[in-house]
Novice: 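Next up is a structure, given as structure tokens.
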Amino acid sequence: MNLLVTGAAGFVGSRVAAKLLEAGHTVAVFDDLSIGSPENVPEGAELIEGDLRDADAIRHAVVGCDAVVHLAAQALVPESVENPQKAIDINLVGGTNLLEAMRKERVKRLVHSSTAAVYGTPTKVPIEEDDPKMPINPYGGTKLAFEALLQSYHAAYGFHVTAFRYFNPYGPTENHHPETHAIPNFINASLTGKPVPLFWNGEQTRDFFFVDDIARAHVMGLERDGFNIYNLGSGSGHKVRDVVELIFKLTGKDSGIEDLGERAGDPPQLLADTTRARTELGWEPEVSLEDGLKQTITAFEKRLNKD
Ligand SMILES: NC(=O)c1ccc[n+]([C@@H]2O[C@H](COP(=O)([O-])OP(=O)(O)OC[C@H]3O[C@@H](n4cnc5c(N)ncnc54)[C@H](O)[C@@H]3O)[C@@H](O)[C@H]2O)c1
């Protein structure tokens with residue numbers, strides 16, 4: 001298929017674009033490079049520099065596509081709390097520009113990156129797709145609202161939509177400034193000999209899984225007709241403290257822990273029920289935490305040595 005992949009100069013999108021190329025698709029990347037970098041765009045993909053908030057730019061990019069894989073977003077929770085308007089402008093208004101471009105150009109197939117943040121504080125774990133959705137920050141709110149728009153474009157215009165709610169991905173291409181995610185901060189702290197900052201003394205459980213496992217799911221999601229929503233996570237979960245200990249073991253550098261105490265709104269357990277993705281898509285995470293961390297640490301070491 002001829003694909004447009006938005007946000008593929010970023011952490012997850014770059015790996016998704018690479019897997020789509022490997023699967024034989026033609027890939028053009030639409031990204032404003034506000035966060036991502038051209039170096040992340042895989043070889044063989046064309047880079048179209050543009051902003052989702054520019055309706056003409058995204059319409060132009062969609063012409064001639066068979067499907068769109070949509071990852072571009074304002075994706076940082078703290079930034080969305082500071083500046084909700086920006087999250088709304090990019091995730092909802094920009095997202096709508098994309099849907100309208102697709103509708104007008106008769107492109108009716110979309111794979112979308114949603115998030116576990118649509119659930120807010122879970123009422124139970126593991127979380128199933130039909131469990132209550134009560135986002136606790138504007139990022140989660142915009143993602144949930146966009147899912148509702150996708151549902152309406154499916155019903156009104158026959159769009160085929162697959163949306164993936166990722167839990168806690170990590171991987172070599174993650175390089176945000178500031179970095180708000182746990183694993184890159186743990187690895188950077190360990191490699192640079194600084195204490196690892198931990199809330200709740202690391203007693204929480206999170207559903208960490210490797211970015212290439214997400215990427216494979218997107219290749220599968222393109223083939224689905226209708227309207228589909230899937231959780232993506234390891235399905236087993238890891239205590240944060242155990243992940244830090246494993247990172248210390250793999251880097252050979254135990255830089256100690258800085259306990260940051262309690263954090264409001266931080267659920268003790270986040271865990272995906274991935275039964276639906278397993279049964280309907282045949283998707284299973286394939287990369288173990290240890291193997292994924294090894295690949296991630298190697299990439300971070302290279303980056304630190306270069307800087
Ligand atoms: N990383 C996670 O933990 C996580 C978890 C759940 C869901 N997601 C979702 O996955 C997707 C990718 O996340 P990521 O972590 O790779 O983020 P990222 O910030 O690394 O990548 C997003 C990309 O979108 C681009 N972008 C941002 N605003 C844009 C705009 N207005 N127009 C065009 N391009 C724009 C950025 O330059 C960047 O390259 C996002 O939709 C995010 O909400 C991520």
Side-chain angles (χ1 to χ4, degrees), residues 4-18 28-42 45 47-58 61-62 68-80 83 85-98 101 110-119 135 137-147 150 163-185 206-215 217-218 229-233 270 272 296:
L4 183 70
V5 186
T6 74
F11 158 45
V12 181
S14 54
R15 294 307 304 153
V16 169
V29 169
F30 183 87
D31 198 300
D32 69 355
L33 304 180
S34 56
I35 306 274
S37 146
E39 286 162 34
N40 285 339
V41 175
L47 172 62
I48 303 168
E49 201 174 328
D51 189 327
L52 275 178
R53 290 165 290 188
D54 177 345
D56 290 339
I58 188 66
V62 159
V68 176
V69 181
H70 179 41
L71 297 104
Q74 189 291 326
L76 298 174
V77 169
E79 190 188 22
S80 82
N83 188 352
Q85 188 67 54
K86 184 175 175 191
I88 292 164
D89 287 345
I90 297 177
N91 300 353
L92 262 185
V93 181
T96 308
N97 287 340
L98 170 65
L110 179 80
V111 176
H112 171 62
S113 294
S114 190
T115 166
V118 300
Y119 297 111
N137 50 62
Y139 167 66
T142 57
K143 288 283 183 170
L144 183 58
F146 193 65
E147 283 186 7
L150 292 175
F164 290 115
R165 294 182 184 142
Y166 316 160
F167 276 61
N168 302 109
Y170 70 93
T173 43
E174 188 157 22
N175 187 20
H176 297 126
H177 303 281
E179 186 55 77
T180 60
H181 291 148
I183 285 185
N185 280 328
R206 290 292 176 268
D207 198 339
F208 297 113
F209 71 124
F210 193 60
V211 66
D212 283 14
D213 281 326
I214 299 190
H218 284 66
I229 293 200
Y230 299 107
N231 285 339
L232 293 182
L270 265 186
T296 308

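Worth saying up front: this structure is predicted, and the values here are computed from it rather than measured. Because only heavy atoms are used, hydrogens play no part in the values below, and waters and symmetry mates are left out as well, while side chains stay in. In each ligand, atom 1 is the first atom listed, and ligand 1 is the first ligand listed.
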Novice: Can you tell which part of R165 has a heavy atom less than 4.0 Å from ligand 1: side chain, backbone, both or neither?
Specialist: neither

Novice: Is the centre of the Y166 ring less than 6.0 Å from the centre of the H218 ring?
Specialist: yes

Novice: Any chance the side chains of Y170 and T296 put a donor and an acceptor closer than 3.5 Å?
Specialist: no

Novice: May I ask you to list the atoms of ligand 1 that are less than 4.0 angstrom from any heavy atom of S113?
Specialist: 9 (C), 10 (O), 11 (C), 41 (O)

Novice: Could you tell me if any non-hydrogen atom of S114 lies under 4.0 Å from any atom of ligand 1?
Specialist: yes

Novice: Against heavy atoms of K143, which atoms of ligand 1 measure under 4.0 Å?
Specialist: 40 (C), 41 (O), 42 (C), 43 (O)

Novice: State whether the shortest distance between N or O atoms of F11 and N or O atoms of ligand 1 falls below 3.5 angstrom.
Specialist: yes

Novice: Counting each atom of ligand 1 from 1 as listed, which ones have a heavy atom of V12 under 4.0 Å away?
Specialist: 16 (O)

Novice: Could you tell me whether ligand 1 has any atom less than 4.0 Å away from a heavy atom of G94?
Specialist: no

Novice: Between the side chains of S14 and N40, does any donor sit under 3.5 Å from an acceptor?
Specialist: no

Novice: Which is it for H176 and ligand 1 at heavy atoms under 4.0 Å: side chain, backbone, both or neither?
Specialist: side chain

Novice: Under 4.0 Å from any heavy atom of L71, which atoms of ligand 1 are there?
Specialist: 11 (C), 12 (C), 40 (C), 41 (O)

Novice: Only heavy atoms count here, so choose which of S34, A72, G95 is nearest to atom 28 (N) of ligand 1.
Specialist: S34

Novice: Any salt bridge linking D89 with R53? Criterion: basic side-chain nitrogen under 4.0 Å from a carboxylate oxygen.
Specialist: no

Novice: Can you find an N or O of G36 that's nearer than 3.5 Å to an N or O of ligand 1?
Specialist: yes

Novice: Just which atoms of ligand 1 are under 4.0 Å from any heavy atom in G50?
Specialist: 32 (N), 33 (C)

Novice: Counting both backbone and side chain atoms, is some N or O of F167 under 3.5 Å from an N or O of ligand 1?
Specialist: no

Novice: Within the 4.0 Å heavy-atom shell around Y139, which atoms of ligand 1 are there?
Specialist: 6 (C), 7 (C), 8 (N), 9 (C), 42 (C), 43 (O)

Novice: Any atoms of ligand 1 less than 4.0 Å from a non-hydrogen atom of L33? List them with their elements.
Specialist: 37 (O)

Novice: Check ligand 1 against D51 and write out every atom of the ligand that is under 4.0 Å from a heavy-atom position of the residue.
Specialist: 30 (C), 31 (N), 32 (N)

